Amino acid sequence: MNKDIKVENVRLVDGISSKKAALGTLYLTATHVIFVENAPDTRKETWILHSQISTIEKQATTATGCPLLVRCKNFQLLQLVIPQERDCHDVYISLLRLARPVKYEELYCFSFNPKLDREEREQGWMLIDLSEEYKRMGLPNNYWQLSDVNRDYRVCDSYPTQLYVPKSATAHIIVGSSKFRSRRRFPALSYYYKDNHVSICRSSQPLSGFSARCLEDEQMLQAIRKASPGSDFIYVVDTRPKLNAMANRAAGKGYENEDNYSNIKFQFIGIENIHVMRNSLQKMLEVCELKSPSMSDFLWGLENSGWLRHIKAIMDAGIFIAKAVSEEGASVLVHCSDGWDRTAQACSVAGLLLDPHYRTLKGFMVLIEKDWISFGHKFNHRYGNLDGDPREISPVIDQFIECVWQLMEQFPCAFEFNERFLIHIQHHIYSCQFGNFLCNSQKERQELKIQERTYSLWAHLWKNRGDYLNPLFRDDPSQTQGTLHLPTMPCNFMYKFWSGMYNRFEKGLQPRQSVTDYLMAVKEETQQLEEELEALEERLERIQKVQLNRTQVKSKQSEPSKHSGFSTSDNSTANTPQDYSGNMKSFPSRSPSQGDEDSALILTQDNLKSSDPDLSANSDQESGVEDLSCRSPSGGECVPGEDSGKDRDSDEAVFLTA
Amino acid sequence: MEFSELIRTGQAQAELLRGPEMPPLRGTLCVTGHHLLLSPGPQATPDLWLLLLRSVDSIEKRVAGDAGTITLRCKDLRVLQLDIEGVEATLDIARSIEALSSLESVITSFPFFYRPKGLRLGESWHFHPPERYYKRVARETRAWRLSEANEDFSLCPSYPRAVIVPRTVDDDALARSARFRQGGRFPVLSYYHAPSGTVLLRSSQPLTGPQKRRCAEDEELLQAVLAGARPGARGFIVDTRSAQAAKQARMTGGGTEAKSAYPGWKRLHRPLERGRPLQESFVHLVEACGDLEQSMDRWLSRLDGCHWLSHVKAALSTACLAAQGMEWEGACILVHGAEGTDSTLLVTSLAQLILDPLSRTMAGFQELIEREWIQAGHPFQLRCAHSAFSHTRPKHEAPIFLLFLDCVWQLGRQFPLSLEFGEGMLLALFDHSYASPFGTFLCNSEKERCLCEVRTRTHSLWSGLNQPKEQRKLRNPLYAPNPLAIWPSVEPQSLRLWQGLFLRWTHPPEPSEVAWEKVWQIATDQEKTEGSQPTDSASEPQP
């Protein structure tokens, strides 16, 4: 393969609203597209991981060269204008190949080396431990036990080996039930709600067709019900639209017949399938790419994409389950078709609503590890890490991440982490820089020896946790314990467009100042001051003792002046914007202190971060004209406004070219 | 007039429902000249519930059996329901509220009777905004003077007594220019932008009419503006109507500045919605926000159908354009539409917030509103006579001031550290502009306020808001002075529905209130730490 292509005099247009093109040199390495600006004072570098590239589009040649439009999975949009047609073609062909690796070994995580020793790497993988998590839930107990039925993935190859099932469910029942479920994904425990002794279980659809029954499957559901002695029925939640579920019956699949299962209540929720979701995202991204859209263009486009409607459907599923568990005290079995997409969404949203632990930094990692990674969400297929069937790709976990954001907007004090945490997780699901999200199942990951050959994202995020804290988080038990209660009635207004994610590389569209960063800085400073205060008080006490001993008061004058000097200088740092930005720079966790060998990481991290609008410290200086609509006077090439041109007496053009 | 004539019944037993998240209140209902009172008895908390009758926007009554229900829709968008014992009592109370809430007389309104503890009449420092502002301008430039040509409101009934005009233009010329402008609103200084030495002016449309009349003094006035700025300075006239509408205005005697008559000045048209369409936009939005049956599928198109956010976008864009003309092009800007009392003020006041750091302070913002809205003659009494619930067809109502507040809220969302006041301040201003115990938003102009002696017989809203106990609600604890211009994004992705206002009473406010408390706590923790120096706490060593 033709590695390390280098093309000079390439123009880079970064983003949709950007009007300026930067001139520089383009490099293609084995893992990254790198663009280095010519401007000698900055030499700004833009790094794009190949695995982030979603589509590459060759556009019509212009006078300046051949444009390539590169869309990324983290919603970055780049236009590269390459002077020579031939170079452009080379870059295009190489990128097509590089963006679609065929072997896992080609992915970045196998070459990424943060210079941690073996022990550190192993510890990193041990940070999130699911057996600890089940213990936290109160398992095993009298009704639930750890089953080894799936040892060596003998029953279901997309399930983990460690599973909790009702004690009364014998291996015979489990195996029988698994034969009656798509891909043998039998009902297993996802979450145990200690307070009411009820469970959320998950599975795939039953192979019921029009009339088929399975005694063991019926016994399995009964076992789940009996494992919660307080409740006399369980909910079976099919997260699909009813029509889809019925269509599946013709293929010998389908849903549970309430007549065949004793004491179940059956419920459809209506989350659309991965194909609908993929198209919906596509449509929404088209709206995001509109240049200077009117309010109507935007709102209509957003509505027609259906995106927020789908987000609401997922939230509705989570809310339904959470209510059943916490308010009705009933266990719930959740499934969709294969039980690895919508089921994962619904279970994890429900968990987030029910359990404050999942709203903490570590708890959120556990939640993703449990409901997504261990239960065989097909990361490789859904996020196109390896070249594969494009019809398998769908933003399933992106939607879950957005649900979390929507909840954060509603409950600003309920989450320990901030928006940046979500954005960085989304980034790394696609980046393949860490091994966590590789492959389609635990079995595959084990075969690839992921833990021995790659690093864990969780350890990396945990190490930098200072960046991801929400200063408004209330960790006092009375506030964070328990279920998040969403308003029942007007929920429409709740769902907002997440420009921080989908327009995240359009700096100009984001709020220019970050409350989160400011408050974190203030908090940190307060803590520092308190520590200094303590130290000074101690010192003062000592001095006073000395003074008392000597019965002298002569140092009285010098001492206070020292203090007031300290205090005024610190006051000024806290209160003027210049010093505030200085503060931001000295934020310890923000300057990665890894070695030089690690420059790849630092650079990608820097790119990632500098693209976060809330991290640019002196944003005001740079906020300016380019952020206004294209009608802004200084944007020379812009089209005039609506009612110019017609009236000759009006002077639109003059102002515009001024 | 005696209020007692309008009060049909003294009292009745009633239950009050205040929204989904609030417990109902039972007690004795009572109508007074200015208030609706509910007294739930001595043990209850609160022991008295009070509603200013003036804040009732519409009233709906229903009777069934021997009880009745009155639904009050308030100007602050609250919806209250009163279940009253007795059919007669219900009807009488409804009639009383109807009569008392629609009284038009200014001097019998509540502000003339409101005498709160701790405040003294005349205690407010916004009596002479033009004069105060002139002092600021005079420190920077000699090109402007304070004219008292309008001392008796004869030149322009909607201007204050004193206005700031080019030094080289005398009062006679002002008088002639005033005759050439609708309502006598000749071009006056709105804001002096010291960093670029340019100015923002406002006026009403020129009365060119179908004959394309001209006025030498008016032309000289604008010439003098350019001459006073800096050599070679250019001017832009931002007309808040479309070119078409401006042209049409000639048929009714109005019009716009002809290019040939005003050398150095270029004209731009930025149509902004006003009047009835704006009022309807407001009504539709409030309706949509109150519709609990609305499905997610059609919510965004319904939001779009209200056009409110489009108006926000247009207003901010135009203000940014004016501000950019000054800051980046070094040009002087004259803003006007037709009357120059609505969208004109919207643009000039927003442009100042963008450019002028002082106007983003608590005191500066109050002064801005006083100078650019109240004294500049925005007809509050006409525009805010009814809010979004009124059944009567709007005559002069238009939520221009609310649109301004919404734009300020959007600025605050994009620059959360740059405004000294918070959302609470904007909500308070919205509430008080529609119904208030204070006199600040009474009447339509300075002239009317003088006739009614508003400034000596009522309390100023500012003295009310500036009491220490109000600060935690109104101030932004994150404020850090920002000496730069704040350029907002006006892209649709960056503009949001102002939930804090439009969903204030239907959405549980709890999470956001908790968040606000937490922000305050973090901010004040720091102040405390900084304030407590060891020397304060340590007593002097005893010899």
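Below, read A as the first sequence line, B as the second, and so on, with proteins coming before strands; counting in each chain starts at 1. Since we're looking at a predicted model, the values are computed, not measured.
- Heavy-atom pairs under 4.5 Å with chain A peak, among B:Leu495, B:Leu303, B:Leu478, at B:Leu478.
- Your options are B:Ala515, B:Pro416, B:Ser494, and the one with the most heavy-atom pairs under 4.5 Å with chain A is B:Pro416.
- Both the backbone and the side chain of A:Thr526 have a heavy atom closer than 4.5 Å to some heavy atom of chain B.
- Comment: B:Glu329 engages B:Arg234 in a salt bridge, judged by a side-chain N to carboxylate O separation of less than 4.0 angstrom.
- Heavy atoms closer than 4.5 Å to chain B are found nowhere in A:Glu538, neither backbone nor side chain.
- Using a 4.5 Å cut-off between heavy atoms, B:Arg298 contacts chain A through both its backbone and its side chain.
- Residues meeting the side chain to side chain contact (heavy atoms under 4.5 Å, CB included) test with A:Leu302, sequence neighbours left out: A:Met284, A:Phe298, A:Ser305, A:Leu308, A:Phe497, B:Leu300.
- Side-chain atoms of A:Gln406 and A:Trp498 form no donor-acceptor pair, as typed in the model, at a separation below 3.5 Å.
- By the side chain to side chain contact (heavy atoms under 4.5 Å, CB included) test, B:Glu287 is found to be paired with B:Val283, B:His284, B:Arg302, residues two or more places apart in sequence or in another chain being considered.
- Under the 3.5 Å distance criterion, with hydrogens and angles disregarded, no donor-acceptor pair is assigned to the side chains of B:Asp304 and B:Ser301.
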